[in-house]
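Remarks on the structure that follows.
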Amino acid sequence: MPPESRAAHGEKLLRNYFTDQNFQLVEQYRKLAETNEVSLSQFALSWVLNQSAVTSSIIGASKLHHVTDAVEISDWTWSEELLNTVNSLY
């Protein structure tokens, strides 16, 4: 957990999501991100952008690299296989 994150500072609302099942899901998503040579945050944002109901996304960038990471994957269209793989995990 990043030391500067809200969770590291004990935000109680986030603790409900710290389950073994969720950590296992994150690990599976991390492996898919690595396979596609992107960071986990890029993978997550790209998933949002690849949802048919989504036309744009607002990111909470607090550092320059957050913006550059988002720009790097903004035009990545997922294959049907990748969409199905990710959607079948949860």
Side-chain angles (χ1 to χ4, degrees):
M1 176 177 331
E4 70 276 2
S5 69
R6 291 178 296 180
H9 294 283
E11 189 168 316
K12 292 178 183 175
L13 294 175
L14 295 176
R15 291 185 185 161
N16 293 330
Y17 299 101
F18 288 10
T19 65
D20 288 339
Q21 179 184 8
N22 284 345
F23 285 122
Q24 290 170 4
L25 282 170
V26 169
E27 189 54 37
Q28 291 178 53
Y29 298 141
R30 184 182 316 281
K31 288 177 184 175
L32 286 168
E34 288 174 2
T35 298
N36 287 280
E37 300 179 348
V38 295
S39 69
L40 186 57
S41 61
Q42 286 176 310
F43 191 78
L45 177 58
S46 185
W47 177 84
V48 169
L49 294 173
N50 274 276
Q51 301 305 300
S52 59
V54 175
T55 58
S56 66
S57 176
I58 299 172
I59 60 169
S62 59
K63 298 179 180 157
L64 179 60
H65 75 87
H66 296 159
V67 175
T68 57
D69 285 353
V71 169
E72 287 175 8
I73 57 89
S74 62
D75 63 349
W76 178 22
T77 302
W78 286 16
S79 67
E80 199 66 35
E81 179 184 0
L82 181 56
L83 279 169
N84 290 337
T85 299
V86 171
N87 290 336
S88 70
L89 293 176
Y90 186 74

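Positions are given from 1 along the sequence.
Screening residues 59-71 for side-chain hydrogen bond (donor to acceptor under 3.5 Å, both in side chains) gives no qualifying pairs among residues at least two apart or on separate chains. Sorted by first then second residue, the salt bridge (Lys or Arg N to Asp or Glu O under 4.0 Å) pairs that include residues 70-90, not counting sequence neighbours, number zero. Sorted by first and then second residue, the salt bridge (Lys or Arg N to Asp or Glu O under 4.0 Å) pairs with a member in residues 36-55 form an empty list; sequence neighbours excluded. Among residues at least two apart or in separate chains, salt bridge (Lys or Arg N to Asp or Glu O under 4.0 Å) pairs with a member in residues 20-30 are Glu27-Arg30.
Using a 4.5 Å cut-off between side-chain heavy atoms of Ile, Leu, Val, Met, Phe, Trp and Tyr, Val86 falls into a hydrophobic cluster with Leu25, Val26, Tyr29, Leu32, Val38, Leu40, Phe43, Leu45, Trp47, Val48, Leu49, Val54, Ile59, Ile73, Trp76, Trp78, Leu82, Leu83, Leu89, Tyr90. Residues Val67 make up the rest of the hydrophobic cluster containing Val71, defined by ILVMFWY side-chain heavy atoms closer than 4.5 Å, directly or through other members.
Applying the side-chain hydrogen bond (donor to acceptor under 3.5 Å, both in side chains) rule to Asn22 yields the partners Thr19; only residues at least two apart in sequence or on another chain are considered. Residues passing the salt bridge (charged side-chain N to carboxylate O under 4.0 Å, His left out) test with Glu34, sequence neighbours excluded: none. Applying the side-chain hydrogen bond (donor to acceptor under 3.5 Å, both in side chains) test to Ser74 and every residue at least two apart in sequence or in another chain returns nothing. Applying the side-chain contact (heavy atoms from CB on, under 4.5 Å) test to Ser56 and every residue at least two apart in sequence or in another chain returns nothing.
Between Ala33 and Ser39, the shortest heavy-atom distance links the atoms CB-O, 3.8 Å.
The backbone N or O of Asn84 sits less than 3.5 Å from a side-chain atom of Ser88, completing a donor-acceptor pair.
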